Amino acid sequence: MQQLSNDQLLSVAEKFGTPTYVYHAEQINSRYQQLTNAFAQSDVKIFYACKALTNINILKYFKSIGSNIDCSSINEAKLALHAGFEPQQVLYTSNGIAFSEIEEAKNLGIHINIDSISGLEKFGKAFGHSYPVGIRLRPNIMAGGNLKISTGHDKSKFGIPIEQMDEILQLIKQYDLHIKILHIHTGSEIDDVEVFVKGIEVLFEIIPLFQELEVIDLGGGFKVKYAEGDKVTDIELLASKVKSAFDNHPNPNGKPLQIWFEPGKFLVSECGYLITQVNVVKPTPDILFVQINSGFNHLIRPMFYDAYHRIENISNPSGEIKTYTITGNICETDTFATDRDLTEIKESDYLAIFNAGAYGFEMSSNFNSRYKPAEVLIENNDARLIRRRDEWQDLLRGQIDIA
Ligand SMILES: *Cc1c(COP(=O)(O)O)cnc(C)c1O
């Protein structure tokens, strides 16, 4: 893994101010290459799940390294096209959307995974066999780091439950639907390769029912390292299991099946850092608090998912170790880390929060009427601003003062 150095992070803080998200392009590339190398023996395509981080420069970077792109809304699909992706490189895996968005996606010429019986029926009525589509299935597999990020289990809203296969087949017959993709995405932070194998086995049972099938889309959800000693998805093991599974199950319709993946976190989590500055060091009888110029308005993962994020005092990397609770500055509990051993912290020190590339800036808000952070991209050791920090006008933008 290609980490930014302490000095690189410090110089971003000094040059661009804080709080600022910093992304490291070469780190993204190294994760992308790891995937494509691991799957080199299979017919695999990678679609970056861009909801993790959609800055237009990040999208363009993915385009430049040869990636395809997976979208969760029609606006993400339009951003992808705006960034220069060809329609056939763009996949829209939809969930609970209005049919008008599916029509719009079809008019853009992108791949679509439909995730409801109702959507499939409307699509069949409108377009019949003329436009090949995918179906997002719910395989009823429990997977992922915690319930909030599990999407394939038997109480999940995502996908068409596999039990409703008869209804799906009926619609295909009735409207002559052209089904070219079967999709499953069972959750995020899946560290157990067997979960993917189980998903594939569920699919092999139904593949013979789809005569025009060309693609098996296995979604994303690869786990990366947040804390020392974390288990991660063994990509190389996964690649060898996927290869042997598909070698042993040739597509009955004779066409070789292509395999798609949609990783988000795996590609961009580790490339990102949120650099913050310490406003207040607050000793209390029980806890030594450090309050930084941020909060869950900038990085919601610790409060929303109980996520662990490594933090380092980049202003004093070799100081004496003390135990701190790191919080933000908003009027709501916004703990980043509890009882964390860190090198001694003084007011005005810069703290870097790691693994901040995925679902960091993307889930940020203006809560407490605070500004969203700036974003900086480092490529070839060159640090460039790719989004300015919010300004006063941004808080009023879109509001209509009727007084
Ligand atoms: C969110 C999402 C992904 C990416 O998940 P990660 O855990 O970030 O890899 C992939 N596919 C779909 C359909 C998603 O909703």
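For reference, positions follow the sequence shown, starting with 1. A quick note: this is a predicted structure, and the numbers were derived from the prediction, not measured. Atoms within each ligand, like the ligands themselves, are counted from 1 in listed order.
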Would you mind telling me if ligand 1 is within reach of the side chain of F266, the backbone, both or neither, using heavy atoms under 4.0 Å? neither

For ligand 1, which atoms sit closer than 4.0 Å to a heavy atom of R136? 13 (C)

Ionic contact status for K198 with E205, cut-off 4.0 Å: no

Residues, nucleotides or ligands: over 12 heavy atoms within 6.0 Å of H82 NE2: no

With a cut-off of 6.0 Å (strictly less than), are more than 12 heavy atoms of other residues, nucleotides or ligands near CD of E228? no

Flag the pair F367 / F296 as yes when their ring centroid distance falls below 6.0 Å, and as no otherwise. yes

So if I count the atoms of ligand 1 from 1 in the order they appear, which ones are less than 4.0 Å from some heavy atom of K51? 1 (C), 2 (C), 3 (C), 4 (C), 14 (C), 15 (O)

Report yes or no: does F158 have a heavy atom closer than 4.0 Å to ligand 1? no

Evaluate G221 for polar contact with ligand 1, using N/O atom pairs at a separation under 3.5 Å. yes

Using the six-membered ring of F266, assess whether NZ or CZ of R31 lies under 6.0 Å from its centre and within 45 degrees of the ring axis. yes

Output yes when E270 and K225 qualify as a salt bridge under the 4.0 Å nitrogen-oxygen rule, no when they do not. no

Judged by modelled atom types alone, do E379 and H24 share a side-chain donor-acceptor pair under 3.5 Å? no

Atom 8 (O) of ligand 1: closest protein heavy atom, distance to 0.1 Å, is Y359 OH, 2.6 Å

Cation-pi check for Y371 against R389: NZ or CZ below 6.0 Å from the six-membered ring centre and within 45 degrees of the axis, yes or no? no

Test item: L218 and I200 side chains (from C-beta on) under 4.5 Å apart, heavy atoms: yes

Give the numbers and elements of all ligand 1 atoms closer than 4.0 Å to a heavy atom of G264. 4 (C), 6 (P), 8 (O), 9 (O)

Does E262, backbone or side chain, put an N or O under 3.5 Å from an N or O of ligand 1? yes

In terms of atom number and element, which parts of ligand 1 are under 4.0 angstrom from non-hydrogen atoms of A49? 3 (C), 4 (C), 10 (C)

Would R340 pass as a cation-pi partner of Y308, given that its NZ or CZ must be under 6.0 Å from the six-membered ring centre and within 45 degrees of the axis? yes

Enumerate the atoms of ligand 1 whose separation from the nearest heavy atom of T93 is less than 4.0 angstrom. 13 (C)

Under 4.0 Å from a heavy atom of P263: which atoms of ligand 1 are those, numbered in the order shown and with their elements? 9 (O)

Show me which atoms of ligand 1 lie under 4.0 Å from any heavy atom of S188. 6 (P), 7 (O)

Between ligand 1 and A358, can you find any atom pair, the residue atom being a heavy atom, that is separated by under 4.0 Å? no

Is N95 touching ligand 1 with its side chain, its backbone, both, or neither, if touching means heavy atoms under 4.0 Å apart? neither

Please list, in number order, the atoms of ligand 1 under 4.0 Å from a heavy atom of G220. 9 (O), 10 (C)

Proximity of K265 to ligand 1 by residue part, where a heavy atom lies under 4.0 Å: both

